[in-house]
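Reckoned from all heavy atoms, side chains included, excluding hydrogens, waters and symmetry mates. FYI, the numbering just counts along the sequence from 1. Just so you know, ligand 1 is whichever comes first in the structure, and atom 1 is the first atom listed for that ligand.
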Amino acid sequence: MPRINEIIETVQTYHPGADVSAITKAYVYSAKMHQGQTRLSGAPYLEHPLAVAGLLAKLRLDVAAICAGLLHDVVEDTEAGIGDIKQLLGAEIANLVDGVTKITLLSATTKTAQQAESLRKMILAMADDIRVLLIKLADRLHNMRTLGYLPAEKQRRIATETREIYAPMAHRLGIRRWQVELEDLAFYYLEPETYRMIQQGVATRRGERQEFIDEVKVKIVQVMAEHNIKCRVDGRSKHFSSIYEKMQRRQVDIDELYDLVAFRVITTSLKDCYDALGVIHNTWKPIPGRFRDYIGIPKPNMYQSLHTSVVGPGGQRMEVQIRTEQMHQVAEEGIAAHWLYKEQGASNEAEERRFTWLRRLLEWQREQKEPSEYMDTLRMDLFPEEIFVFTPTGEVKELPKEATPIDFAYAIHTEVGHQCVGAKINGRMVPLRTTLSTGDQVEIITQANHKPSKDWLKYVVSNRARSKLRAYFRDQERARSVSLGRDLLERELKKRNLTLAGVLRENKLDPVVEELSYKTVDNLLAAVAYGKVSPRHILNRIDPQPEPEHPPGLLKRLSRLRKRPQGGIKVKGVDDVLVRYAKCCNPLPGDAVKGYITRGRGVTVHTADCKDLGHVDPERLVDLEWDVPASQVWPVRIQVVGNNRTGILADITGVLKQREIGIVEAEAHTDPDGNGVATFLVEVNHARQLKRVLGDLKKIRDVISVRRLN
Ligand code: MN
């Protein structure tokens with residue numbers, strides 16, 4: 001166990017100017033607060049925070065991180081609060097301690113096994129400072145080292161969590177030293193028999209292996225010297241969990257595993273790495289397909305090295321890794337090496353590479369935004385696009401940022417989404433449009449037969465919720481169009497004293513469905529609603545008769561259809577009906593309108609007060625509503641009558657221009673009374689806009705009357 005003086009001395013070696021008085025302060029406070037507490041080993045509790053601080057000092061972390069390491073259990077395990085720490089040592093250290101405490105509480109409330117990946121992400125999302133993760137990892141490493149004192153069941157739980165969450169985290173952060181130790185300790189507690197088997201397998205022939213290692217090391221040093229390559233060589237057995245993983249992957253016994261030994265050649269320059277590789281390949285025969293250049297293409301955690309396998313002395317296969325001193329340090333310490341370079345005032349180029357590294361780390365799961373902003377504050381938001389929340393049973397759900405309880409409800413189950421009537425966040429009722437934050441516990445209140453509201457589409461951000469809602473509304477809409485189609489057909493059938501029920505009973509619609517290539521009767525009925533198939537057409541198929549003549553006047557008027565933008569109108573909430581706009585009254589968006597169901601040409605739109613509607617069969621009228629984008633323009637004709645003074649025409653077009661109304665056609669003449677009559681075909685997007693401009697035109701001096709022409 002390191003003593004506080006040793007820790008301070010270590011800090012001073014890599015950070016000579018550091019103000020270490022804070023470390024002493026933190027130490028004294030931690031000692032005071034933990035006084036009287038013991039670890040299960042019987043040792044004073046203070047040993048643990050000291051050990052954690054010692055591990056952090058070995059990674060050369062800054063003073064704040066070391067202080068937070070000393071204080072990391074004070075808030076959770078003693079009377080002290082975050083406020084006390086803030087007062088004593090400032091906000092930075094208090095925030096670090098707070099972050100570590102939050103993660104500790106988090107992992108205590110979660111079921112790990114099934115949730116490892118989400119929990120790992122959640123921890124990363126909650127830790128807004130990389131140092132929080134490093135402190136938590138150091139904490140976990142020391143707890144794993146002293147796990148033997150805990151009851152067996154706790155050992156298993158903690159070891160599982162370590163294997164599932166903390167070892168991978170150490171790997172992601174590139175701290176190989178900690179990763180290896182965490183993996184092996186977890187392995188030891190979770191699979192004691194296999195562990196012992198490998199231990200023994202490695203131990204037998206250890207002497208033999210050591211001889212082999214020594215022989216190869218000497219040989220490498222010798223051949224490198226011959227080629228003037230400065231380096232140091234390191235040979236070692238691989239760690240147990242990686243041996244075990246290899247045995248499983250290759251389905252072999254430990255005796256059959258040749259490359260239990262790996263050699264490292266650590267050079268002083270990048271160029272020497274490639275030269276050293278050539279020398280190795282000249283000395284021993286390389287095994288094809290085993291060469292990897294992680295210098296050219298670094299691993300996502302910024303690991304850089306050349307890897308090759310060769311047939312060594314005695315035909316023994318061995319792996320050789322070649323890298324520079326700096327790459328080696330990154331390989332062992334990962335992200336922690338960042339602080340070292342930062343504090344030594346690294347050159348811009350080196351700093352740039354740290355950026356790259358951090359960027360790769362950030363890209364680990366998701367694409368990232370500009371990362372530079374993180375560098376100043378060392379803040380980290382690994383998942384800026386995601387949040388992590390709990391179900392009432394402690395399950396973690398991952399949602400996009402800005403997600404609401406509705407997104408959460410659909411993430412649980414489609415029916416929970418559809419029937420969602422309310423939500424509680426951390427036990428309190430909230431509106432459904434409330435945005436969730438990482439760490440929230442969310443409970444959904446459902447009610448049978450409740451239906452989703454269209455407004456929800458405005459609040460949801462997850463693809464799942466959106467697509468479930470759209471599918472729901474599509475189904476609803478389809479049900480409505482089938483029912484509208486049924487109505488339309490029923491009305492038509494009635495004219496010959498037929499009923500739809502009767503027609504269906506005798507399967508008379510089936511040939512029509514087949515002839516028009518629809519899959520089902522419902523599809524045919526929907527097509528009727530959309531105006532794609534006329535009810536008359538169906539009627540004539542079922543009950544062929546010569547079609548009676550229509551009053552020519554009505555037919556003529558109804559066919560005087562003007563070409564207008566397609567769409568823009570809904571029949572009783574049904575989208576996509578074939579519509580046309582009647583020329584007789586020329587309806588504009590905003591006008592009250594009625595639809596006339598034509599024979600096979602969809603629905604014709606008239607203004608509600610159009611005189612032509614007085615002649616038609618009221619059975620065939622439907623209610624309509626507008627649904628147009630504001631950008632769409634509609635042609636309408638207007639007429640302005642005024643005194644025939646010079647410049648009045650310019651005044652009129654000036655007003656139109658000012659209102660940004662396009663003029664398609666213009667015509668002017670003098671009427672028998674000597675008044676000027678100007679007619680314009682203009683484009684507007686709404687009846688309201690037209691009304692406004694007519695009002696403006698009326699105010700022009702010498703204008704007598706203004707009106708919309710149909
Ligand atoms: Mn602890």
K.L.:
Would you call R249 and E245 a salt bridge, using N to O less than 4.0 angstrom?
P.N.:
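Result for this pair is yes, salt bridge flagged.
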K.L.:
Are E332 and Q179 side-chain neighbours, meaning at least one heavy-atom pair lies under 4.5 Å?
P.N.:
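Heavy-atom side-chain distance check fails, nothing below 4.5 Å.
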K.L.:
Hey, is there an N, O or S on H72 sitting under 2.8 Å from the Mn ion (ligand 1)?
P.N.:
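Yes, within the cut-off.
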K.L.:
Find out whether the Lys NZ or Arg CZ of R39 is both under 6.0 angstrom from the six-membered ring centre of Y45 and within 45° of the ring's axis.
P.N.:
yes
K.L.:
Measure from the Mn ion (ligand 1) to every N/O/S atom of D73 and report the name of the nearest one.
P.N.:
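Nearest N/O/S atom: OD2.
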K.L.:
Are H34 and H48 an aromatic pair, judged by ring center distance below 6.0 Å?
P.N.:
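Between H34 and H48, which both carry aromatic rings, the centre distance is not below 6.0 Å.
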K.L.:
Looking only at N, O or S atoms in D139, which is nearest to the Mn ion (ligand 1)?
P.N.:
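This residue's closest N, O or S atom turns out to be OD1.
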